[in-house]
Structure formats: structure tokens, C-alpha cells
Amino acid sequence: MLVFDKGEIRNSLVIDNIFDLLQEWGGDPEYASFGILCHTICHNKPGEGSKKLYYYENTGLFRCYTGCDSYFDIFEMVVKVMNVQYAREFDLNDAVRWIAQKFGMSGREEDDPDDEELEDWKLLANYSRIQDIELKTNNVILKEYDEDILSRFNYTVKIDPWLKEGISQEALDNAMIGYYPGGDQITIPHFDQNNRFIGLRGRTLCKEEADLYGKYRPMKVNKQLYNHPLGMNLYNFNFSKENIGILKKAIIFEGEKSCLLYKTYFGLENDISVACCGSAVSAYQIQLLMDAGAEEIVIAFDRQFEEIGDDEFKRLKKNLIKLRNKYKNFVTISFMFDKNMITGYKDSPIDCGKEKFLQLFKERIVL
Ligand SMILES: [Zn+2]
């Protein structure tokens with residue numbers, strides 16, 4: 001029978017694996033000095049908890065500072081998430097197997113003639129359950145916010161910084177981009193694939209704020225924070241879903257603005273763009289695109305390197321290869337990669353006009 005060594009498996013997980021899992025589960029993780037900071041998806045559904053779940057890299061343990069108020073390891077975390085998100089009763093062995101399967105770790109074959117048949121059967125049963133879970137992820141329903149808030153923003157003022165970058169007024173109107181004077185922010189509503197209003201992000205126009213908190217962040221209006229787990233949704237998918245099914249292709253950008261430029265250059269009726277709103281793509285996001293009919297997923301990330309071969313270049317390349325390896329058995333993954341340096345440092349492939357974008361698209365790499 002197949003035996004999995006719990007300790008061995010736990011030790012072979014690196015912090016990026018943990019991060020990916022948390023991302024996939026909708027915990028909106030972020031790296032911190034001690035390890036990872038994450039929403040309390042140990043006892044809450046994605047998008048509902050506060051960022052009080054800590055993962056300590058040195059001990060490999062989680063600590064939830066609210067509902068659970070205890071330490072636990074990744075396997076217990078799997079048990080908790082399965083329970084909270086999928087209403088499934090996992091025991092520790094199920095969790096160990098699930099993790100092993102997830103990261104392609106093999107068990108050790110051990111003789112145990114009496115149980116052999118039974119074990120095989122159990123493994124198979126478990127396998128179909130895993131398939132079941134993969135499909136079940138489609139049922140994640142994010143919390144819906146009251147759309148009334150959107151009527152309070154200003155849609156008549158010209159969004160000059162974005163118009164100057166070439167985004168058309170038609171694209172801004174289509175995406176309901178507005179302005180919130182109270183926060184000096186451009187307002188970017190996020191919808192799920194069924195057009196439910198599930199998040200609101202703001203692009204601050206105040207330089208001090210941007211330096212302090214970052215340019216883009218969830219908006220807070222009248223004490224209500226309009227956040228959502230970014231890994232559990234795709235920006236603009238509600239608009240591009242049908243075209244993705246027809247063309248069997250999808251383009252993933254990092255930021256919302258790139259989708260607006262895409263609509264501008266190629267027309268709303270040809271839009272196949274989405275944004276993952278970060279530099280990580282989750283399994284859930286890939287699944288959404290495949291369900292819509294995508295047979296090729298084009299990764300169009302920012303040029304996050306100054307020279308070919310520098311440290312940032314190596315990191316980007318490593319991430320892209322990791323992505324390819326993770327999903328290559330399910331869908332074709334290709335990359336727009338500016339190896340001839342025709343765009344600027346940190347530019348999205350669509351930032352430097354339609355011609356350059358088409359060139360990069362034509363030269364995209366299927367690893
Ligand atoms: Zn908890």
C-alpha cells in the first residue's frame with residue numbers, strides 16, 4: 001500500500017507552496033517579515049475574515065489570532081478549509097494525501113497484502129473526491145456589496161491621467177470607472193462572472209498616500225471596506241467571458257488598467273482580457289478561464305526586469321516556468337515576454353501602444 005510520510009511532506013513544502021495554497025483558497029495572502037499574513041480562512045469563508053491568520057516560516061505553523069486562537073500546521077489547515085469552504089469532513093490522513101497529490105509528491109510502496117486491495121480502492125475513491133473538489137471550486141460565491149455606493153461617485157469628471165495614457169472614454173464608461181473626491185481616488189468596481197458587485201478598488205491620485213499604502217487598494221467608504229480575495233475572481237471576466245469562449249483564448253494582465261487599454265485598442269466586442277490584480281495567478285482563476293472555453297491562456301505580465309539576466313529577470317522566468325509546469329496538463333499556457341526590450345521597465349505589454357502589443361503577442365512563447 002502507499003504510505004505518505006507526514007513529516008517528510010511538510011518539510012518539503014516551501015513558503016511559496018503555502019502562499020499559493022492560501023491564494024487559491026482566497027485568503028489574499030501577503031509576505032511578511034515572519035512569513036505570511038492572511039485572511040482568517042481557517043474559520044471564515046473567503047472575503048469575510050480579517051487579516052489575523054499568521055504563518056510563521058521558522059516553525060511552519062499557522063496561528064489564528066481570532067476565531068481559532070491556536071497554532072496548527074498545514075494539514076490541519078487543509079482540514080479546516082475543506083470544512084469551511086466545501087463542507088467536507090477531512091481527517092488528518094485525507095489532508096496528508098491531498099497535499100501530496102496537490103504537489104505531486106509520491107508515497108512509499110509498502111507490503112501489506114491483506115489491505116492492498118482495500119487501500120487501492122480507498123486511493124481511487126479519494127482521487128475521485130479530489131476531482132470533485134476541483135470542480136466544486138466553481139461554486140465559490142463571494143460576498144456581494146450594495147451597488148448603491150457606485151451611484152455616489154462622479155462619472156462626469158474626466159479621468160485625465162488615464163485618458164492621457166490612451167484609454168478611451170468608451171472603455172472607462174463600459175467599466176464604470178469613476179472618481180471619488182472624498183478619497184481623491186479613481187474608482188474601479190469589481191464584478192464576478194455573473195455581474196455581482198463583489199469589490200471596489202481605488203487608484204489614489206495623492207502621491208503621499210500612494211507612497212504609504214500603494215497606488216491601488218480596496219476602498220473604504222463610510223466605514224465599509226469593499227475588499228475581496230483577489231485570487232478568487234478575475235477582473236473584467238464578466239465582460240470578456242463570452243468572447244473567450246468563442247476565440248478559445250484569454251489574456252491575463254496584472255492590472256485593471258491593461259484591460260481598459262485592450263478594450264480601447266481592439267473594441268469592446270473583441271475583448272478577451274482579464275486581470276489577476278497582482279503578479280500571481282491562482283488555480284481557481286485558471287479554472288474559471290478553462291470553464292469559459294479557453295484552450296490557450298496568454299500570460300501578459302509587466303516587464304519586471306531591467307536587463308535580460310538580472311535578478312528580477314531570473315525571478316520572473318522562474319515564476320513563469322512554475323506556472324507552466326503547474327497547468328500544462330490542462331491547458332496551453334503562453335507568455336508575452338519582452339526579450340527585445342521594446343517596452344519600458346515595469347510596463348505592461350499593452351502600455352506602449354497597439355503595434356508593440358501585437359508584436360509581443362505574435363512573438364509570444366509557448367514554453
Ligand atoms: Zn481561525
Side-chain angles (χ1 to χ4, degrees), residues 4 6-7 9-103 129-130 132-134 136-145 190 192 198-199 213 217-218 220 223-233 277-278 280 282-285 287:
F4 293 100
K6 185 181 163 204
I9 287 172
R10 193 172 51 200
N11 290 339
S12 64
L13 292 176
V14 296
I15 188 161
D16 288 345
N17 298 138
I18 305 285
F19 187 93
D20 286 352
L21 279 174
L22 294 172
Q23 170 95 1
E24 186 179 329
W25 289 330
D28 202 6
E30 57 186 277
Y31 286 107
S33 56
F34 53 84
I36 301 171
L37 188 58
C38 179
H39 282 285
T40 48
I41 48 171
C42 37
H43 66 276
N44 286 303
K45 289 222 158 69
E48 289 179 0
S50 56
K51 268 204 164 153
K52 283 289 165 58
L53 176 62
Y54 289 56
Y55 174 76
Y56 295 97
E57 190 177 11
N58 58 351
T59 56
L61 291 176
F62 290 89
R63 166 102 206 246
C64 166
Y65 285 94
T66 58
C68 311
D69 196 23
S70 63
Y71 286 97
F72 44 89
D73 68 7
I74 183 64
F75 303 114
E76 259 183 272
M77 182 68 193
V78 172
V79 172
K80 285 169 183 286
V81 170
M82 287 303 152
N83 188 20
V84 172
Q85 297 193 15
Y86 310 104
R88 286 179 182 264
E89 292 284 335
F90 263 41
D91 65 18
L92 198 56
N93 285 325
D94 294 331
V96 173
R97 275 167 197 261
W98 190 87
I99 290 281
Q101 192 95 36
K102 186 98 201 161
F103 293 101
R129 195 159 65 174
I130 289 162
D132 209 20
I133 290 163
E134 298 292 348
K136 274 268 158 63
T137 55
N138 292 330
N139 293 335
V140 172
I141 309 279
L142 298 179
K143 184 169 91 185
E144 187 171 15
Y145 293 111
H190 283 233
D192 72 3
I198 47 104
Y213 305 109
R217 66 196 148 98
K220 196 173 186 179
K223 291 186 182 148
Q224 169 71 54
L225 182 65
Y226 292 88
N227 63 333
H228 72 288
L230 298 173
M232 301 305 277
N233 195 55
C277 303
S282 69
Y284 184 73
Q285 290 169 328
Q287 186 71 49

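Atoms within each ligand, like the ligands themselves, are counted from 1 in listed order.
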(request) Identify whether NZ of Lys or CZ of Arg in R63 sits under 6.0 Å from the centre of the six-membered ring of Y71 and within 45° of that ring's axis. (result) yes
(message) Could you check whether any side-chain N or O of E57 sits under 3.5 Å from a backbone N or O of I36, counting only pairs where one atom can act as donor and the other as acceptor?
(response) no
(request) Just the protein N/O/S atoms under 2.8 Å from the Zn ion (ligand 1), please, no waters. (result) C42 SG, H43 ND1, C64 SG, C68 SG
(message) Less than 6.0 angstrom separating the ring centers of F62 and Y54, yes or no?
(response) no
(message) Within the structure provided, determine whether H39 and N227 are in side-chain contact (heavy-atom separation under 4.5 Å).
(response) yes
(request) Can you see which heavy atom on C42 is nearest to which on K80, and at what distance? (result) O-CB, 3.5 Å
(request) Could you check if a side-chain atom of H43 sits within less than 4.5 angstrom of a side-chain atom of C64, using non-hydrogen atoms only? (result) yes
